[in-house]
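Computed from a predicted model, the values in this text were never measured in an experiment. All residue numbers refer to positions in the sequence shown, counting from 1.
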Amino acid sequence: MLPDRSKRYAGIDGDIPRLVLVSNWQLALVALLVLALLVLIFPRKTLVEKLYGQETLDELTLSYIQNLYRAETGNADAAILLTKAQENELDIKTMELRLLPLVDVHDSRQRTAAWSMLAKAYQKALAANPDDKERTRLRAQMTALLQRAIKEKNPEHLSRLFAAAAFGADLPRLGIAFIEGIEAGLAAKALEQYGQEALGQGEYGLAAEYFFKARNQASHEDEARRLFQKGVGTLMAASKFKEAMRSADLHLGNLEGDSATMRYLARAAQAAGEPAQAARYARPLVFQVDRTPIAP
């Protein structure tokens, strides 16, 4: 009788036969069954959609995405979700490395996610006062990104984000284009609120454009006058005098015959150091006929 397996020595008793618990094909079959079960329970599309909808990711989910990105650096969803989770920690170079390859992808969700995160990243990098060379590079990248985005019909929240980024990069024309893309029927009250939010963040040019757009949506002359003056006043408060006067002429519209508005503009033009423009605004007031009936 052979001794117990634990007491046998290969040199004396020959090779110890290996105990076969499961064959290779059985292991492969089990792996396939587990994979199929995971796909049934957690379809990739459903999982990705769920993760896109989450504002924050728990540690386990974040670890899963990190491992997925390491294994598949070309996985667009993994790159976007990981960047979104680490957005406040990453530098602009890392953001560009991950997201620039995605700005022209076919999937609109991936594309707009990359646009929005890059726009915020460029805005943050420009606000950090980089040197002239880096500022020029960032501004060029921002311009190229926004010019891509303006070609599409963006939802309201993205139009607002891109408009803020454009004004922050001193690209007012692009900023105005994004504001004009906001649904025309949006109430003046909502537009004014957007302006107040921009004003609270020190974005005077953006705030003024919201006030002017709200002025165009106003249903009463008094409301139009108030919003018009608020737009001009916002630019004046930021010492953007020439821009204030240009915007005044551009958005005056049917208020041209309103004496209160013309008096306001005459004073504003004087304060802006534009006496000729002040005289032009005051001229209709001088020759205005007083329509108040005279008592007999």
Using side-chain contact (heavy atoms from CB on, under 4.5 Å) as the criterion, list what pairs up with Glu221, not counting sequence neighbours.
Arg225, Leu255, Asp258
Pairing residues for Pro155 by the side-chain contact (heavy atoms from CB on, under 4.5 Å) criterion, not counting sequence neighbours:
His157, Leu158
If you look at every heavy atom in [X] and [Y], which pair is closest and at what distance?
X      : Y      : value
Met142 : Ala119 : CE-O, 3.7 Å
Pro101 : Leu97  : CD-O, 3.6 Å
Ala164 : Gln123 : O-NE2, 3.4 Å
Ala224 : Ala218 : N-CB, 3.7 Å
Leu235 : Ala208 : CG-CB, 3.6 Å
Ala163 : Gly175 : CB-O, 3.7 Å

Kindly write out the residues that satisfy side-chain hydrogen bond (donor to acceptor under 3.5 Å, both in side chains) with [X], not counting sequence neighbours, or none if the list is empty.
X      : answer
Asp91  : Thr94
Ser159 : none
Arg70  : Asn67
Asn254 : Arg215

Side chain Arg98, main chain Ile80, donor-acceptor under 3.5 Å
no
Okay, side chain of Asn154, backbone of Glu152: is any donor-acceptor separation there less than 3.5 Å?
yes
Treat each ILVMFWY residue as a node, draw an edge where side-chain heavy atoms are under 4.5 Å apart, and state whether [X] and [Y] are in one component.
X      : Y      : result
Leu102 : Leu100 : yes
Phe211 : Leu252 : no
Met245 : Met262 : yes
Leu199 : Val232 : no
Val105 : Val103 : yes

Within a radius of less than 6.0 Å around CD of Glu256, do more than 12 heavy atoms belonging to other residues, nucleotides or ligands occur?
no
Taking atom CG of Asp132 as the centre, report whether more than 12 heavy atoms of other residues, nucleotides or ligands fall under 6.0 Å from it.
no
Filter on ring pair (Phe, Tyr, Trp, His ring centres under 6.0 Å), then keep only pairs touching residues 235-280, sequence neighbours left out; what's left?
Phe212-His251
Suppose the criterion is ring pair (Phe, Tyr, Trp, His ring centres under 6.0 Å): which pairs have a residue in residues 65-85, not counting sequence neighbours?
none
Which is it for Lys213 and Glu180 under the side-chain contact (heavy atoms from CB on, under 4.5 Å) test, yes or no, and what are the steps along the way?
CA-CA 8 Å; Lys213 188 170 176 63; Glu180 291 301 322; 4.1 Å; yes
Got a sec, which residues hit ring-ring contact (aromatic ring centres under 6.0 Å, His included) with Phe162, two or more places apart in sequence or on another chain?
Phe178
Those residues at least two apart in sequence (or on a different chain) that pass ring-ring contact (aromatic ring centres under 6.0 Å, His included) with Phe228 are none
Rounded to the nearest 0.5 Å, what separates atom [atom1] in [X] from atom [atom2] in [Y]?
X      : Y      : atom1 : atom2 : answer
Gln110 : Trp115 : CD    : CH2   : 12.5 Å
Gln141 : Tyr122 : CD    : OH    : 4.0 Å
Ile182 : Leu191 : CD1   : CG    : 6.5 Å
Leu145 : Leu118 : CG    : CG    : 5.5 Å
Gln229 : Met236 : CD    : CE    : 12.0 Å
Leu90  : Met117 : CG    : CE    : 9.5 Å

Salt bridge or not between Lys84 and Glu87? Use side-chain N to carboxylate O under 4.0 Å.
no
Under 4.0 Å between a Lys/Arg side-chain N and an Asp/Glu carboxylate O for Arg226 and Glu223?
yes
Taking it one step at a time, do Arg137 and Glu134 satisfy salt bridge (Lys or Arg N to Asp or Glu O under 4.0 Å)?
CA-CA 5 Å; Arg137 189 192 75 82; Glu134 179 65 0; 3.1 Å; yes
Evaluate the side-chain proximity of Arg139 to Leu171: yes if any heavy-atom separation is below 4.5 Å, no if none is.
yes
Quick check: do Lys242 and Glu274 have side-chain heavy atoms less than 4.5 Å from each other?
yes
Hey, could you give me each pair passing salt bridge (charged side-chain N to carboxylate O under 4.0 Å, His left out) that has a residue in residues 227-239? Not counting sequence neighbours.
Glu192-Lys230
Quick one: which residue pairs count as a salt bridge (charged side-chain N to carboxylate O under 4.0 Å, His left out) with a foot in residues 198-212, not counting sequence neighbours?
none
Does the pair Leu206 and Gln201 meet the rule for a side-chain contact (heavy atoms from CB on, under 4.5 Å), with working shown?
CA-CA 10 Å; Leu206 177 60; Gln201 295 169 4; over 6 Å; no
Output, in order, the C-alpha distance, side-chain angles, deciding distance and verdict of side-chain contact (heavy atoms from CB on, under 4.5 Å) for Tyr210 and Glu197.
CA-CA 10 Å; Tyr210 277 124; Glu197 290 172 9; over 6 Å; no
